[in-house]
Amino acid sequence: MKNYDHKGIEKKWQDFWTKNKIYTTPDSAPKKDNFYLLVEFPYPSGNLHVGHWYAFAVPDILARYHRMQGKNVLYPIGFDAFGLPAENAAIKNKLNPRKWTEGNIAYMKKQIQSMGTSFDWSREVVTCDPSYYKWTQWLFLQLYKRGLVYQKETAVNWCPKDKTVLANEQVVDGKCERCDTEVEQRQMLQWNIKITDYADRLIEDLEPLNWPEQIKESQRNWIGRSEGAEIDFPLEMGKKYKFVYLHGYKSKADRPRNHWYRAGLEALGHEVIIPDLPNSNNPVEEEQVKIAIEATDYDENTVLIGHSLGAVVAMKALQKMNKKIARLVLIAPTIDPAFPGAEERPFHKTFKWDIDYELLKKLAPNRLLLSDLKEPEVRINYIRHLAPKLDAQLVETHATQEHFTGDKEPDVLMWLRPTIRVFTTRSDTLFGATYLVLAPEHQFIRQFYTSQTSLNKAEVQQYVNTALKRSDLERQTDQKNKTGVRLEGVSAMNPATGEKVPLYVADYVLGHYGTGAIMAVPAHDERDHEFAEKFGLPIREVVEPLVVATSGFDAIHQDEPFQERNSIIAIVKHWSEDKYICLAWKPAEWKGFVVGGIEKGEDAIAAGVREIVEETGYQKPTFIRQLGGTIHDKFYHTIKRVNTFAHFTPLLFQLEDGTHVDIADTEKDLHDVHWVDADKVANFVNSRDIKVAWARVSGKNIYTGEGILSNSGTFSGLMTEEGRKQMAEKFGRTKKMYKLRDWIVSRQRYWGVPIPMIHCEKCGIVPVPDKDLPVELPEVKDYLPEGSGKSPLAKVKKFVDTACPKCGGKAKRETDTLDTFVDSSWYFLRYTDPKNPKAFASKAKQAKWMPINLYSGGAEHTTMHLLYSRFWHKALYDMGLVADAEPYTRRMNRSIILGPDGQKMSKSHGNVIDPDEVVARLGADTVRMYLAFVGPYNEVSSFPWNPDGVVGVRRFLERVWRLQEKVGTEDAGALSSALHKAIKKVGEDIAAQKFNTAISQLMILLNDMEKRESLSRNEWTTFLRLLAPFAPHMAEELWSSAGNKKSIHVQKWPQYDEKYLVDEEVTYGIQIDGKTRDEVRVPTDADKETVEKAARDVVAARLEGKTIKRTIVVPKRLVNFVLET
RNA sequence: GGGCAGGUGGCGAAAUUGGUAGACGCGCAUGGCUUAGGACCAUGUCCCGCAAGGGGUUGGGAGUUCGAGUCUCCCCCUGCCCACCA
């Protein structure tokens, strides 16, 4: 027997496999099911690292196993070949990025092939190949045609020195990676993809997927849906408007409510014009519109209001004038006669509803509809139908009198003024909103405020300028230090309380989330609280905490009634030291302060004093202060044995001195009294309500949880959850918001897919026609950016100058390239039909393989790549280009291999393992198998590379090699029971991707076989087939030496027989009182009585003189004797 | 601050899902074989004990159970991702 020479063997068989094309996968094979196993394709960085081995060689075990199980397995590979490193290398070393990339691909291909993986190279896909990116462009244009692609001014990282746009990873600590210059934010027109349109579906379609829950959860978090409300706060500001109010049918200017509106608006300094519209009882459109137009000069300071039929007059008048105004407000507009269910009205003959909503939208940038919920349903419905047509803010409310005809209609007046819209998830705390905060980017600041005379315009502008320059990173590291500036001369009205509240601009509010404005509730939000403290703003509590015992010793009993009681919590401070009285209840685990009920005719303080004396014996408590509002608690009273709903008034006392009288025995039996140091109280007490009360002593903890509303007008007493619904309805609208933002796909880079768009002087944006695809990346002289922020492509005149495909006139090509996440959003489709020149992949071939059975990849792609490609697939699905809404049936994230020192492998740590070196020394089979053995493959976990561990696997393989000496030539006899067990276990473990335990079973099998005198040929070749997925080269060599001609990798996985899995005898553990004392071997088929008797005999000495209360026999496991105590 | 995942020998890890904790491998120790060995073979490797035997043990504490690494509650610690998301 020769020694195990891995080098010779691996080379020999790799060549053999390639030559015989054993891994070339047909689209279908007779009597075989297709199985699509996908691994993330690599970026061709130039050198393979251990991570690549882990990513490709371990799933290869699975691919080989499924093949041996009779499946037609597609296990493809390619290269994600566009991207920044190639461009950086090109700039640095004056190379051609294509040549650099292609060189790397050629080198890495050899390395990957050295792993002995079963990739089908005939299906290789390379994203920078024009035959590939032609289809990237084509798919992008399909999305464009579907309305999913748009251009938008977006902030980018800009290095003022290098005059270039920087990717996020090129910004280090807010500075340019290359020249260390401070990075600025700069607005640029960029291509975006509307992934947010799919946010809900991306969340909902996760549900049925067979993915690990954590991956689903992090996708949901990334999308970040939150359900809340939008609420409008009317502004009172220095800016003066001219209000024109048009009354309705059978009405007139001289009505009490009109005078009242006038007074309200004039009080704020506005001008108010209320014309009498002619023939109010028999109105004619032309006459009324004429008078409305002549009422005044309309300009961009005019607010046009129409009530009822006046709303129609207002729309028609505005349409006719075709002048821009500030705002259009329609109060309970008259129903269009064409609307289903509209009643017939006398003026239908003299009015026409030919309204140009698009024009109105242009003329009035701000539109508001007021609807009275007391009115008949048909009008409410009509206004709901009108709102989206006008794209108007719809306010549904309860008027003082139906149809807003009361003498005073406060809701109407409130909404006549300009508003700030906020998004909140806590609309229930609206009564506690004592100020508003706008993000520095907020449009109100740009459009209105800075253009008006205001008291501190310069200060605000300066703040906004510096805030906008601050990078996200700076904002982050400075979270505890809130800054901001008040907007002087303007205030908003809290729509719930009617109070004036101040406005601030502060960068703790984000411009890109929600509406860019918040209502601040300092009593129940920690950030707002911090800001309010700093700026001396009022803090109003509107939520009384309610805690509920859902688990633990005092968990409430379902379906039992609650007994309510008013009680106190008395926190008692020591007379001289910083410690407090805590009580530990003896009958239960409860630990807290002095608590007790308030008796009839007693006030809270008196109850507190009484309870302190009764429960602690201390005689001289002095009341200090009440610690905020009531704290509610629902729990099961373990002594009184009843569900309790307690309302605690928290009180702070201090003892005057240590005067103390022994307490009653009945009290002593109930609890122990402890003096606890202030800093240990929080850990000592274990009751929810007590913890809330204690937090108020320091005053630093803000209650942000659920509870019962207080100080909230008619809403007081409601549960916060219910209040949230009701207030959102009454004062705003419910609204879903997402953290997910649209996908910016523009890159100002050379080495990417050119965006196939043309900018025509006449026609605007024109997509490149399909017949002109691909738009090929031209050669350029150098890869430095062009200087104005455009990509190096902008310097290539031949590329840029083109003719418009529509009109043939002068036009310029788009010079941005696509984000590489676009390339990788569909590569798996191309594998199914990699050479197709007519389509990105034919439907027939897709159908053979999609959706993917298993996608294995790195945890770093859990959110972005996975989300982008899921979105992309859904968009294609909606266009009928793919057959499934989801591309990946299963997804698994693999673990991570660390350096030998337990640190992440990196050059700076000096702990990088070079796989080529290890392979040269120990062989590819050893490395593959070691990586599979080191730990569970699909866990959020990491394993250090252990150089000794690798040697151990090598040792295993050498022992296998030596085993061939024991093999006879006869196929005599049945397989051993150990072999049957291994066939089952190894197979099941591979299928479950538990490669580590599969290998340990092979080791157990080897240990067993080594002990044998000889092995039959049949046993030997069976063993080799089990080994084949792990060590494909060695298995093939030994298989061939055993006289086989065909490759082992096209063989069938061996079969096991159930009857050989069962041993003749089993060992039972013998326990006494649950402690293992001994063991006994009994025939496998022995009945309970036999087992029990055998066990009893073994431990007879121990059982002497004891009485057995109970015996538990767990078949094939153990016998437990429970003794009488 | 939020979300997720974890915590088992000297180390990487197993544990039929509530049933003899530590399979398998590494390391270490002793012995054998050897000119040598980072090779190979055998035995051992939680603690006390020569042994028979006894005791302990899955981050800490409590609970449920005949029986808990596994279930429940409280606390502590570590890693990853996100982070002023209203």
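Using modelled atom types and a 3.5 Å distance limit, the side chains of Q903(A) and N911(A) yield no donor-acceptor pair. Side-chain contact annotation: Y508(A) with D528(A), donor-acceptor N/O pair under 3.5 Å present.
At least one side-chain nitrogen or oxygen of K994(A) sits closer than 4.0 Å to the OP1 or OP2 atom of rA15(B). Remark: N996(A) is not in phosphate contact with rC24(B), judged by side-chain N or O atoms under 4.0 Å from OP1 or OP2. Between R1077(A) and the phosphate of rG67(B), there is no side-chain N or O to OP1/OP2 separation shorter than 4.0 Å. Residue R955(A) has a polar side-chain atom (N or O) positioned under 4.0 Å from OP1 or OP2 of rG27(B).
Annotation: of the two residues near RNA chain B, V951(A) and Q1001(A), the 5′-most nearest-nucleotide partner is Q1001(A). Both S226(A) and G935(A) lie close to RNA chain B; mapped to their nearest nucleotides by heavy-atom distance, the more 5′-ward contact belongs to G935(A).
Remark: the separation of the C1' atoms in rA52(B) and rC66(B) is 29 Å, to the nearest Å. Spacing between rU72(B) and rA23(B) at atom C1', rounded to whole Å, works out to 30 Å.
Within 4.0 Å of R225(A), counting heavy atoms only, lies no atom of the nucleic acid at all. Residue contacts for N946(A): at a heavy-atom cut-off of 4.0 Å it reaches the sugar-phosphate backbone alone, with no base atom in range.
Atom NE2 in H524(A) sits about 19 Å away from atom C1' in rC84(B), given to the nearest Å. Rounding to whole angstrom units, CE of residue M737(A) and P of rC84(B) are separated by 17 Å. Going from atom CG of D989(A) over to atom P of rA14(B) covers 11 Å, rounded to whole Å. One can place CD of E939(A) at 13 Å from C1' of rG12(B), the figure rounded to the nearest angstrom. Rounded to an integer number of Å, the gap from CG of D948(A) to P of rC24(B) is 19 Å.
Glycosidic conformation at rG54(B) (O4'-C1'-N9-C4 for purines, O4'-C1'-N1-C2 for pyrimidines): anti, more than 90° from 0.
Between F535(A) and F531(A), the gap from one ring centroid to the other is short of 6.0 Å.
Interface remark: the K482(A) side chain does form a donor-acceptor pair with the rC84(B) base, using a distance-only criterion of under 3.5 Å.
Counting only heavy atoms from C-beta on, F933(A) has its side chain closest to rC24(B) among rA5(B), rC24(B), rC40(B). With rG19(B), rG25(B), rU20(B) as the candidates, the nucleotide lying closest to the side chain of E1079(A) is rU20(B). The K1075(A) side chain lies nearest to rG56(B) when the options are rC66(B), rC40(B), rG56(B).
Pairing of rA5(B), defined by two Watson-Crick or G-U wobble distances under 3.5 Å, is identified with rU78(B).
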